[in-house]
Amino acid sequence: MPLALLALAVGAFGIGTTEFVMMGLLPDVADDLRISIPAAGHLVSAYALGVVIGAPLLAAVTARMSRRTVLIGLMVLFVLGNALSALAPDYHWLLAARFLSGLPHGAFFGVGAVVATNLVAPERKARSVSLMFLGLTVANIAGVPVATLMGQDLGWRATFLGVSVIGAAAIASLFLLIPGDHTHAPSVGLRGELVALRSLPVWLALGTTVAGFGALFSAYSYVTPMLTDAAGYADASVTLLLALFGVGATIGNLVGGRLSDHSLRGTLFGGLTSMVVVLSLFPLLMGAQWSAALAVTLLGTAAFITGSPLQLMVMEKASACPSLASSANQAAFNLANAGGAWIGGLALAAGFGVTSPALAGAALAVLGLAVAGVAHAVDRRRSPLSGRGRVIATHVPEPAETVHG
């Protein structure tokens with residue numbers, strides 16, 4: 001695997017850290033800015049809104065630019081947003097800065113996934129995407145806990161300055177390691193990218209992402225009360241248990257990438273089925289502390305097995321114009337975050353019990369399987385050979401996009 005993938009992973013590590021660290025800093029930010037916890041929670045929503053808007057928008061306006069230049073520019077915007085967060089004089093400025101920080105998130109992963117697949121042989125595409133996502137999953141193990149402790153000891157502003165430094169390191173890595181002659185944008189430009197989004201298979205792939213990861217966030221958004229109220233863990237133990245989720249996500253990401261290079265669709269179906277099983281067992285597993293820890297780890301593993309195949313599925317369905325569709329898939333991830341949390345909250349509000357969001361998530365995973373099944377049927381109808389094993393992209397890379405390293 002080329003070293004260029006390390007540069008993408010560094011950027012993903014910074015993005016993953018800034019996305020999730022705010023959850024742990026909410027009390028500190030609220031106290032410092034003299035706002036309520038619910039108001040501070042809007043800072044999380046502002047970031048997510050930035051991702052949803054920025055992913056397709058930035059991918060569209062940079063469609064004809066060199067992808068290397070786009071990635072560096074996105075990280076510059078990322079550094080700017082986090083630096084402004086650290087310097088924000090009041091709540092409203094911080095809200096705007098968090099929105100700005102979220103804008104490059106989806107486009108970075110979307111364009112980065114395209115670059116990653118162009119740097120390796122066709123049989124290693126999924127693994128290249130999983131190695132880029134490795135930075136995101138490792139952020140949950142190391143980046144978020146360290147950044148949270150930094151914010152608690154040195155003040156929350158220090159956390160965002162630290163994330164800005166990570167972003168600067170990513171810029172240097174991208175400049176030094178990403179070969180410019182392997183990242184030319186396709187000649188089709190914005191119009192061709194938009195045409196790709198008119199494809200039914202692309203929308204079915206995006207729908208699978210929303211349902212599949214909505215299943216994850218339906219449960220994960222409320223995992224803390226499950227661990228404390230159902231499993232009996234102390235509040236101080238939750239951070240360590242969430243790190244176990246990151247360990248599971250890292251394992252699932254690497255396994256999913258390797259398996260997807262052999263059978264993309266089979267890995268996707270297997271991952272979604274695993275999520276149905278794990279989430280259905282959550283009420284039982286939360287009955288004891290050891291099994292609750294196992295459940296959190298298995299949830300991360302099952303969910304992130306599907307990450308690489310979902311990303312690659314969208315890209316390959318978009319064929320020769322993958323950048324915008326790939327970025328749109330990142331917007332779909334964040335819609336899944338918001339929608340899954342909302343559906344899990346409905347289950348709690350209805351009085352079905354503290355573990356009910358997991359059962360709601362299991363239902364969403366079943367929906368994801370159904371959408372993936374429809375996509376499979378559409379593929380088989382369009383081409384009798386397309387539904388077997390790995391999905392093969394119709395795009396033949398330009399000479400500038402041949403295997404490197």
Might you work through the side-chain contact (heavy atoms from CB on, under 4.5 Å) test for L5 and M132, ending with a clear yes or no? CA-CA 6 Å; L5 295 177; M132 179 186 69; 5.5 Å; no
Please lay out, stage by stage, how Y220 and F245 fare under the test ring-ring contact (aromatic ring centres under 6.0 Å, His included). CA-CA 9 Å; Y220 188 67; F245 173 84; 4.2 Å; yes
N140 and L242: side-chain contact (heavy atoms from CB on, under 4.5 Å), yes or no, with the steps? CA-CA 8 Å; N140 283 281; L242 295 184; over 6 Å; no
Apply side-chain contact (heavy atoms from CB on, under 4.5 Å) to residues L254 and T137 and explain how you reach the verdict. CA-CA 10 Å; L254 293 174; T137 58; over 6 Å; no
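By the 6.0 Å and 45° rule, R98 does not stack over the aromatic ring of F160.
Considering only heavy atoms from C-beta on, L369 comes within 4.5 Å of F269 through its side chain. Between I15 and F109 there is a side-chain heavy-atom pair separated by less than 4.5 Å. By the 4.5 Å heavy-atom criterion applied to side chains, L346 and W342 are counted as neighbours. Residues L348 and Y222 have side chains in contact (heavy-atom distance under 4.5 Å, counting atoms from C-beta outward). Put simply, the side chain of S260 does not reach to within 4.5 Å of the side chain of L312, judged on heavy atoms.
Aromatic rings from H105 and Y47 are positioned such that their centres are separated by under 6.0 Å. The aromatic ring centroids of F304 and F133 lie 6.0 Å or more from each other.
Scanning both residues, A336 and T209, for their nearest heavy atoms gives CB-O, 4.1 Å. Shown here for A147 and V21, the closest heavy-atom pair between the two residues is CB-CG2, 3.5 Å. Across every non-hydrogen atom of F175 and R68, the tightest pair is O-NH2, 2.6 Å. Nearest heavy atoms, V51 versus G106: CG1-N, 4.0 Å. Minimum interatomic distance between A302 and S274 (heavy atoms only, all atoms of both residues): CB-CB, 3.9 Å. Here the shortest heavy-atom pairing between L241 and V296 reads O-CG1, 3.4 Å.
Residues S130 and N253 have side chains that never bring a donor and an acceptor to within less than 3.5 angstrom of each other. With hydrogens and angles left out, the side-chain atoms of T62 and R67 include no donor and acceptor closer than 3.5 Å.
Atoms CH2 and OG, from W156 and S85 in turn, are 7.5 Å apart once rounded to the nearest 0.5 Å. The CG atom of D32 sits 14.0 Å away from atom OH of Y91, with the distance rounded to the nearest 0.5 Å. In this structure, OG on S308 lies 9.0 Å from CG on L264, to the nearest 0.5 angstrom. A distance of 8.0 Å separates CG in L216 from CG in L279, rounded to the nearest 0.5 Å.
Taking a 6.0 Å sphere around CZ of R157, one finds it holds more than 12 heavy atoms contributed by other residues, nucleotides or ligands.
A donor-acceptor pair under 3.5 Å is absent between the side-chain atoms of D28 and the main chain of G155, judged by distance alone.
Aromatic ring orientation, F213 versus F217: tilted (interplanar angle from 30° to 60°).
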